[in-house]
Structure formats: C-alpha cells, structure tokens
Protein chains: 2
Amino acid sequence: MALKNKSMYAILGILNLAPSTGYDIKKYSDKVLSGFWNENFGHIYPTLKMMLEDGMINILPGEINEKKVRYAITEKGRMEYEAWLLEETVQQPARSEFMLKLLFSSSLPREKVIFMLEDYKELHEKNVGKYLEMQKDLEQGNAIARDRVPFINAVLRRGILSGEAVIRWCDETIEEMRRA
Amino acid sequence: MALKNKSMYAILGILNLAPSTGYDIKKYSDKVLSGFWNENFGHIYPTLKMMLEDGMINILPGEINEKKVRYAITEKGRMEYEAWLLEETVQQPARSEFMLKLLFSSSLPREKVIFMLEDYKELHEKNVGKYLEMQKDLEQGNAIARDRVPFINAVLRRGILSGEAVIRWCDETIEEMRRA
DNA sequence: GGTTTCATGTAACATGTTACATGATTCT
DNA sequence: AGAATCATGTAACATGTTACATGAAACC
C-alpha cells in the first residue's frame, strides 16, 4: 500500500459517518473539524484518488448530477480506520508563530506588545463564542447519532476550556507588561 | 530576495541573542522553544545557507575548531527581523490527531477512550512539570538579560495555564465517559 | 441577470521530516 | 577504550498550500 497520511484518516472518519463528495468533506472539515483540523482541496482530491486505488473507498453510482462523485468507505477502509483509532497517537510538535514572536519581543515598545496580546485575546474570545454556539446547537440535537453526542461535546468543551485559559493568560500578561 | 520561511525568523531571533552554530540553534530550539516551536537539521542548514546568500547573516571568523561555523546576524538581518516582529501574525490552522481521533471514537469501548485520555493527561502533567522547573531556573536568573525575563516568563506561564486547562478537561471528560 | 454556492481537479510552490554519511571531541 | 555529544551536511521522501481553470446549479 502507498502512503498513509493523516488526511486519509480524517477522510475515512468523515466517510464513516456518511458517504460524501470531496466538496462535502471540505465543508465538514471547515465547519466541524476546524479548530483542530484542516483540509484543502489540493489535498483532498489526490488523497481520494489514492484511497480509491487502494480500495479504502468506492464510488456510489448514479447521482442526479453526473459531475458529482460521492464516495463511501469500504470494508477494507473501515478496518484501516478502526486500526488507526486504536493506535497510540504520537503528538506532533506545535508551531506557534505568535509565541515565537512574543518570546523575542523584549525590544519592542510595551504598547505594541500589549496591542498584540489584546488582539490575540479577542481572537480567542471569538473562538470560545463559536464553541458555545455550537454547544447550544448540539443540545437542540439536530440529527446527530446519540452515541456521538458526548464526543462532540468533549471536543467543544476542550475548545472552550483551552480558549478561556488563553484569555486569562492574556489578561495576566497584559497586566504584567504594564507593570514591567 | 528568495523565500521568507518562518524558520528564518526563528533563526534570526536566536542569532539576535548570540552568534551561534547550526548545532547551537538546534539545541536552543529543542530546549527553549520546544512546546511551541521546532526545528530540525534538514531545515536549519539549508536555511542558514540561503540566509548567508541573502546577507541576513555572516560567518564569524577564526574558531578553534575549523569545522565549526558560527553565524551572526547582520544589519540587514536585524532589519528584516524587526519588521517581522511588527507584522501582524496570521494564525495558522492547528492539526491535532488526538482530537480528531477522540471525535471519531464513539464506536470504541469506553475503557479504551478513558485510557487514551489518561495517557494524554499524563503527557500534559509532565509538560506542566517541565515548565514549572524552567520557571524556577528563571527565578535563579542564570545569565539572562533582565529585560527578557518577563517575556520568557510569559511563555512559560502560557504553557502552565494551557497545560492545566487540558488536565482539567481530561478529568472532566474521563468522568463524562464513565457516566455516559 | 447576476451572485453565490456547488463541484472537481491540476500545477507550482513551499515546507517539513527522516535517514544516512562522516568524523572530531569530550566524558566516563 | 568506548559511549555520548558535538558538528555539518545531503538526498529522498512526505506533506501541505495557493493559484488557477472550468462550469453547473441554486438563490435573489
């Protein structure tokens, strides 16, 4: 078998919920996974092609629109996917340009640093707001399998708690910058 | 000028503190920047070469060991670096394989999910421990410019607060998984 | 009739990782 | 003497992003 990139698993996970087109996968990724995952077309389409060749997925026949290609996970794909779920996850190194900059900002005027932090805080406030919205939507229970709810909620809670921690850190650091 | 990758700025930031070899840069990156940044040799050496050609850095002459090449930031490099510090930071999309897996884990046995979360919690406990250690070292004030201390401290505080938030989230989610 | 969304895909570019090769120096 | 660390670098591979091209269908 060819390469096993992480995008493949994201795609298998999405197709395991429902057969989808490449476009659907992108939409799901942008809407639901954004915050901790991202995909782009330049990656999705070639990966789908490769997965099709490997027999992980197949094409569902006969849509209204001939241009539309809807893929479904195969038995082989599901096995690969479930093996991945059970694998140990090695954590990959993060890259935060913001933190890199901040570490090196001792020569900047303090006002500039404070401005950077306020901006960053605002961004995270917006994120937390989005997660809270999504949590409300989830409570209304829109056509989502009941057994998946605790998992979606866990992901949203993570976004909220982490975001709030960053906001508190921003406040604290802004204070510190004003004093120092 | 050629490309302006982010590694270049990390390297400029390090060289702005003190002239260093490629090896030193890697060490600094692993020790101080790890947690929010990473570099590897396969990237550092070619980038140094490119930066030398662009006149961002130069080679300090006459080391004891001829094999050792020590680079210093030039005036041009410093200007480029300071412009970067002032630039707005666009946040790049994160990719957390752990969160992706968790979202898709509704079919797994609950014990397996709890085990995953406990593992993840332990990892973050270790991280927080490391940051606390580094904070202690910082208080002892080992040859670090006084004006940089608040910035290093801010970075460490971020690591601690974020880590603690993740740990709390793990506890909460483990509880939730036991109940659901 | 015009704008937005749906839909697929490629090419060029940019970035990042791993394995390998080589050898000196320092520590135990 | 042997192991660990210092030190540089390349090649192959893997991954990821952006811009472009194309056009249908749905919405207003």
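None of these values were measured; they are calculated from a predicted model. Every heavy atom of this structure was used, including side-chain atoms; hydrogens, water molecules and symmetry mates were not. In the text below, chain A, chain B and the rest are named by the order of the sequence lines, each starting its count at 1.
Whole-Å rounding puts the A/Lys49 NZ to C/dA11 P distance at 9 Å. Here C/dT4 presents its C1' atom at 13 Å from NZ of A/Lys27, a figure rounded to the nearest Å. As rounded to whole Å, 10 Å separates atom C1' of D/dA25 from atom NZ of A/Lys67. In this entry the distance linking CG of B/Leu60 with P of D/dA7 reads 14 Å, nearest Å. Atom pair B/Tyr45:OH and C/dA19:C1' shows a separation of 16 Å (rounding to whole Å applied). Between the P atom of C/dT15 and the CD atom of A/Glu97 lies a distance of 11 Å, rounded to the nearest Å. The nearest whole Å value for the distance from the OH atom in B/Tyr23 to the C1' atom in D/dT8 is 11 Å. Computed from coordinates, the B/Lys26 NZ to C/dT18 P distance equals 10 Å when rounded to whole Å.
The side chain of A/Arg95 contributes no N or O atom lying less than 4.0 Å from OP1 or OP2 of C/dT15. The side chain of A/Asn40 contributes no N or O atom lying less than 4.0 Å from OP1 or OP2 of D/dG16. Contact annotation: B/Thr21 side-chain N/O to D/dT8 OP1/OP2 distance is under 4.0 Å.
Looking at the side chain of B/Pro93, the nearest of the listed nucleotides D/dT17, D/dG9, C/dG16 is D/dT17. Closest to the A/Asn38 side chain, of the nucleotides C/dA7, C/dG16, D/dT17, is D/dT17. Nearest nucleotide to the B/Asn5 side chain, out of C/dT8, C/dT15, C/dG16: C/dT15. Of the candidates D/dG16, D/dT8, C/dG16, the closest approach to any side-chain atom of B/Val69 belongs to D/dT8.
Both B/Asp24 and A/His43 lie close to DNA chain D; mapped to their nearest nucleotides by heavy-atom distance, the more 5′-ward contact belongs to B/Asp24. Where B/Pro46 and A/Gly42 meet DNA chain D, the nucleotide closest to each residue was compared, and B/Pro46 sits on the side nearer the 5' end.
Among the atoms of the strands shown, only primed sugar atoms or phosphate atoms (P, OP1, OP2) are found under 4.0 Å from some heavy atom of A/Gly22.
Using the six-membered ring where Trp is involved, B/Tyr23 and B/Phe41 have ring planes that are parallel, under 30° apart on the 30 and 60° scheme.
Put simply, CG on A/Leu117 and CZ on A/Arg178 are 10.0 Å apart, with the number rounded to the nearest 0.5 Å. Rounding to the nearest 0.5 Å gives a distance of 5.5 Å between CZ of B/Arg148 and OG of A/Ser106.
In plain terms, the two heavy atoms of A/Ala10 and A/Trp37 that are nearest each other are CB-NE1, 3.4 Å.
For B/Glu122 and B/Lys126, the salt-bridge test passes: some basic side-chain N is under 4.0 Å from an acidic carboxylate O.
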